[in-house]
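I have placed the structure first, in the form of structure tokens, so that the comments after it can refer back to it.
Residue numbers run from 1 in the order of the sequence given. Remember, it's 1-based here, ligands and their atoms both numbered in the order they're listed. Just so it is clear, the model here is predicted, and its values are computed rather than measured.
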Amino acid sequence: MAYDVTLIPGDGIGPEVSTAAARVIDATGVEIHWHIHEAGAEVLNRYGTTLPESTLDSVLRTKVALKGPIATPIGKGFRSVNVSLRKHLDLYANFRPAKSIPGVKSRYENVDVIVIRENTEGLYSGLEHIVVPGVVESLRVITEKGSERIAHFAFETARKYGRKKVTAVHKANILKMSDGLFLDVVRMVARQYPDIEYEESIVDATAMKLVLDPSRFDVLVMENLFGDIISDLTSGLIGGLGLAPSANIGDNCAVFEAVHGSAPDIAGKGIANPTALILSGALMLRHLGETQAAEKVERAVQTVIGKGEVVTPDLGGSATTDKYTDALIREITAL
Ligand code: NAI
């Protein structure tokens, strides 16, 4: 069976890591027709927008996309393309697994947690205004509908991956109304999944507990900003941003991307670690039902990184992105 997938290379290291990811996925033998479309700062002058209609249309048509990172200016300037994409396509669930890779030096060897981040509301609703000069308000929107569907997604994920516990992460002691609503809804949904243990944890304490003992967590579900921060923390626990994959899932479309950004400091040098996007590609293969191919990719990553001979500088090696990708492809074709 052949699949149509939209490929958005992105900015900075995006083209380097997305080329690597597409090569590795192709090496599994799964037939993918890549539809390459642009988005980001570079296309603003040509299209008058950072997210061209043709790119959106392609994702709506193929229903699956692999996306490189896209830069967002800080403070002023255009709105994040990533946020726009998630809103336009209603990709409400952000799935961010963090699993230790043998051979990667990190604080722990046994991290295996999944962060589920609500992707469309919270403080990322983009609703900001000046109340009076010198006072700015950013609205943190939490809805019953948004909380209910992300809670279901978290419990369904726990079942699908054979997980035992879901932790709702919140700040309802201070944000009594918004996180109060979030918790009420998650509790209600939790009652529909008696086979999965349910607990709650305040976000600041969660950060501390994750650093001290990540094995006490399994699946964590939270609103947008908390999820953004906590999932970077869990990426750090497995050795850094170069290794952390993610999936943005909606009812109609799914966009797979690395947790990291466009890394302008190393862009164009050919030394970016493509593992995070490659593992996002493995999540994509699983989503397409190509489980064996996904496992091949994951095993190849574990073997090559485990040997430690051909790895990129962020992992202490001296291999280029291309050389590391070649090593993965050799491993996949030998499997
Ligand atoms: P970043 O993730 O791009 O970089 C942080 C640090 O990690 C840098 O030192 C970088 O060199 C390193 N790094 C990141 N990915 C790496 C990789 N694959 N291999 C080796 N080293 C890697 O975060 P930063 O600098 O805060 O953001 C840069 C831009 O990326 C910003 O414009 C930001 O808005 C955007 N961004 C985009 C995302 C997306 O498209 N989903 C996600 C996060 C940030």
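Atom OH of Y92 is separated from atom CZ of R117 by 15.5 Å, given to the nearest 0.5 angstrom.
Applying the 4.0 Å criterion to heavy atoms of L241 picks out, from ligand 1, the atoms 2 (O). Near I266, meaning under 4.0 Å from one of its heavy atoms, ligand 1 places the atoms 11 (O), 20 (C), 21 (N). Set against the non-hydrogen atoms of A71, the atoms of ligand 1 under 4.0 Å away are 32 (O), 35 (C). The atoms of ligand 1 that sit less than 4.0 Å from any heavy atom of V259 are 42 (C), 43 (C). Set against the non-hydrogen atoms of N82, the atoms of ligand 1 under 4.0 Å away are 37 (C), 38 (C), 39 (C), 40 (O), 41 (N).
Taking any N or O of D265, backbone or side chain, at least one lies under 3.5 Å from an N or O belonging to ligand 1. Note: no N/O pair closer than 3.5 Å links A272 and ligand 1 by distance alone. Between E257 and ligand 1, a contact under 3.5 Å exists for at least one N or O pair.
The local environment of CD in E199 is crowded, with over 12 non-hydrogen atoms from other residues, nucleotides or ligands closer than 6.0 Å. Other residues, nucleotides and ligands contribute only 12 or fewer heavy atoms inside 6.0 Å of the NZ atom of K323.
S178 and R140 are linked by a side-chain donor-acceptor pair at a separation below 3.5 angstrom, with hydrogens and angles left out of the test. In this model, no donor atom of one side chain and acceptor atom of the other lie less than 3.5 Å apart for S246 and E257. For the residue pair T275 and N273, a side-chain donor N or O sits within less than 3.5 Å of a side-chain acceptor on the partner.
Of the charged side-chain nitrogens involved, none lies within less than 4.0 Å of a carboxylate oxygen, so that R23 and D26 do not count as a salt-bridged pair.
Counting heavy atoms only, P264 comes closest to atom 25 (O) of ligand 1 of the residues G261, G240, P264. Distances from atom 40 (O) of ligand 1 to the heavy atoms of I271, I70, D11 put I70 nearest.
Residue contact annotation: S262 has a non-hydrogen atom under 4.0 Å from ligand 1. Under the 4.0 angstrom criterion for non-hydrogen atoms, V17 is not in contact with ligand 1.
Ring centers of F182 and F226: at least 6.0 Å apart, outside the cut-off.
Residue-level proximity to ligand 1 for N273 is carried by backbone and side chain together, each with a heavy atom below 4.0 angstrom.
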Salt bridge (Lys or Arg N to Asp or Glu O under 4.0 Å) for R61 and D4? Distances and angles first, verdict last. CA-CA 9 Å; R61 218 174 32 250; D4 289 297; over 6 Å; no

